[in-house]
Amino acid sequence: MALKLARLGKQKKIPDSLPFWLLLPTVLILFIVQIYPTVYTAWLSLQERKPTGWIYVGTKNFERLFRSSLFNESVGHTIVFLVSFIALTMLLGFLTALLLNQKIRFVGFYLSLIFIPWVISTIISGQAFRLLVTPDYGVFAGILQDPALFPPNGISVLTDARPSPWFGSFPFPPSKGMILLVIASTWRSLPFTALLILASLQMIPTEIIESSRIDGANGWQIIRFILVPIILPTLVVTIFNLILTGMNGVAIIISLTGGGPGTSTQIISYLLYSLGWGQIQFSQAAALGLIIAVVNWILILATLRLTKVEEAR
Amino acid sequence: MKKNLSPFNKNIKHGLTHFSLALIGLFCILPIILIGIISLKSRMDIHRKPPVLFPCDTPTKSFDIRACRWSLEGYQLALGMRPDPDALLGFRLTGNIVRIYLFNTFLYATAASLLVVGLAGAAGYAFSRYRFRGHKVLLTAILAITGVPFLTNLVGLYQMGISIRKSALPIDDRVFLVLVYVGLFLPLSAWIAKGFFDAIPRDMEEAALIDGCSPFQSLILVVTPIAAPGMIAIFLLTFVNVWNEFMAGYLLVAKNEYKPVMFGLYDFMGQNTLNLQVVAAACIIIALPVILLFLLFRDRFFSAMVEGSIKG
């Protein structure tokens, strides 16, 4: 032992118990309030509430969920929401980051301005966008409800039903409430997205861009063939963050539309909330929670795999 | 082909950049400005049909800056301002928002952030400085936890909360909620802390060890002062996150006296569906502290957020 220590010499990795004690509280806390509740939810998804207590019912909750039309509809809403929210946020975020990466004055000022939405809580964000379109009293209600501008009856974002779907029962085109939800969610996620992309753009050495410009590449070609490939890992990480934000974004729906008009802004996480705390069907909510967790995992692993493939090329 | 932008073209390009950024900035700030305007209207102007943006119209003109009817009615109602001759400023704030909810949230956010800084700092240091068995597995596991949606865990946490309330455990909703917040924001913070420690050179600790410090002493006396800026960033990030969190507080707290501010605000919105100026004023009052905190410490926030996401 002494010999081994001596050989390690200057590196001196004395094995002591300090890291164990440093990590123990973190591991304990995560076990109690993260891992145990997940296991508890998983257990709950196989039970049913009876007057005598919880009873094991196997996969009945899952079967019931898959058969319900509300679940299928919510999956459609989730796809419409996630795709449009992520596409819009990434596009705007990338554009904002490119603009902020220019050598101009007042970048700090713009950065502060653009970052304000991040500090605003989801509940207040939802309320803010709701106040814009509240029937009769909202800021834009006068314009939107004008039959001359929007025939025949004007637009009422919070009450207009979803247009009849184009592809079978898939909820597309979305309701106006869903469009508002996408705009509000994009508004809140834009700062974070722009910051992450900006941080990775700033790490690119300027020589690369200069030399490609000398070689005759135009602005679009520089973006497409140089910037995007270099920052691809960051873009993937950002998308992965947005998937998590979008999948978990219940609070903003609660304060913006309450799932309405009708059920047109119910994405699966909102369905979980309304199953559990609206209809007091915790076993079904738990089953849905597990499904969402699994879908999250698949999406995360898929994005990670994708980055690996791109990096290997 | 070599492209050199003439000064004239460069000016156009800069102008366009500024214009686009101003437009995006406006999009980001507009909802907040509109809430601010609504909060300063009187009840009379809120319920106008068709609605007017500024309460500045007169019977003859559509906009007259001298005729603006700004009012603090919304703020007075949201704060529950009551005249009181004994109070320092001649009035008391009796509204639940200040008296209960803001106070609670300040308490929860401070407690949770301090705990997160302590725990994440310790964990981050251990991950950064030691290579032990299970190092990589544990680090990945902590990141993997964030892949489980919080709402999924809330189903279990809600049932746990019910059991705790029934049991004789000396844990009330407040302690439970703070623990949940710590667990929620700890994984990311531990990663951020590891990144910060990785950036600190080891020479000074090694010198301290050679001079006879124990590893624990060197952590407290040498490393902690250097790591302080990073730890402050983690504190601020967690503080704002807890301040703004809604779902956990909403679903895990039963008593009105224990409600955090976002839950209180949500109740308040339900009670004032027609008094939009009061709701708007409450939103401004509640958002202002964290907006100011962010504007004061902007770069600290950015360092923590970038560290947490790019490395993660």
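Below, read A as the first sequence line, B as the second, and so on, with proteins coming before strands; counting in each chain starts at 1.
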- Roughly how far apart are B:Gln159 CD and A:Gln47 CD, rounded to 0.5 Å? 11.0 Å
- Task: Could you check A:Val27 against B:Ile142 for side-chain contact (heavy atoms from CB on, under 4.5 Å), going step by step and ending with a plain yes or no?
- Result: CA-CA 9 Å; A:Val27 172; B:Ile142 286 182; 5.6 Å; no
- Is the closest side-chain heavy-atom distance between B:Leu138 and A:Leu23 below 4.5 Å? yes
- Taking all non-hydrogen atoms of both residues into account, name the closest pair between A:Thr41 and B:Thr152 and its distance. OG1-O, 3.0 Å
- Note on the structure: Bottom line for A:Phe31: the part with an atom under 4.5 Å from chain B's heavy atoms is neither
- What distance separates B:Met247 CE from A:Ile254 CD1, expressed to the nearest 0.5 Å? 4.0 Å
- Message: Could you check, using the six-membered ring where one of them is a Trp, whether B:Phe132 and A:Phe20 have ring centers closer than 6.0 angstrom?
- Response: no
- Test item: B:Cys28 and A:Leu190 side chains (from C-beta on) under 4.5 Å apart, heavy atoms: yes
- Determine the interplanar angle of the B:Phe301 and A:Trp118 rings, folded into 0 to 90°, and report it as parallel if under 30°, tilted if 30 to 60°, perpendicular if over 60°. perpendicular
- How far does CG of B:Asn241 sit from OG of A:Ser121, to the nearest 0.5 angstrom? 11.5 Å
- Roughly how far, to the nearest 0.5 Å, is CE of B:Met160 from CD1 of A:Ile32? 7.5 Å
- Gap between atom CG of B:Leu265 and atom OG of A:Ser255 - 0.5 Å precision: 8.5 Å
- Proximal component of A:Ile29, with respect to chain B [non-hydrogen, under 4.5 Å]: side chain
- Item | chain B contact via A:Ile35 - which portion, at a heavy-atom distance below 4.5 Å | side chain
- Under 3.5 Å, side chain of B:Thr17 to main-chain N/O of A:Leu99, donor-acceptor pair present? no
- Task: With the side chain counted from C-beta on, respond yes when B:Val182 and A:Val33 share a heavy-atom pair under 4.5 Å apart, and no when they do not.
- Result: no
- Answer yes if the side chains of B:Tyr250 and A:Tyr273 hold a donor-acceptor pair under 3.5 Å, and no otherwise. yes
- Do the rings of A:Tyr110 and B:His18 sit parallel, tilted or perpendicular, given the 30° and 60° boundaries? tilted
- Item | CG-CD1 distance between B:Asn244 and A:Ile124, expressed to the nearest 0.5 angstrom | 7.0 Å
- Portion of A:Gln102 that has a non-hydrogen atom of chain B nearer than 4.5 angstrom: side chain
- Determine the option with the most heavy-atom pairs under 4.5 angstrom with chain A, choosing from B:Leu30, B:Leu186, B:Val148. B:Leu186
- Does A:Ile123 reach the side chain of B:Phe263, with side-chain heavy atoms less than 4.5 Å apart? no
- What do the steps show when you test A:Phe115 against B:Phe302 for ring-ring contact (aromatic ring centres under 6.0 Å, His included), and what is the final call? CA-CA 10 Å; A:Phe115 234 82; B:Phe302 286 172; 4.6 Å; yes
- Task: Give, as side chain, backbone, both or neither, the part of A:Leu44 having an atom under 4.5 angstrom from any heavy atom of chain B.
- Result: side chain
- Task: Examine B:Phe216 together with A:Trp21 and report whether their ring centres are nearer than 6.0 Å.
- Result: no
- Message: So for A:Trp277, is it side chain, backbone, both, or neither that comes closer than 4.5 Å to the heavy atoms of chain B?
- Response: side chain
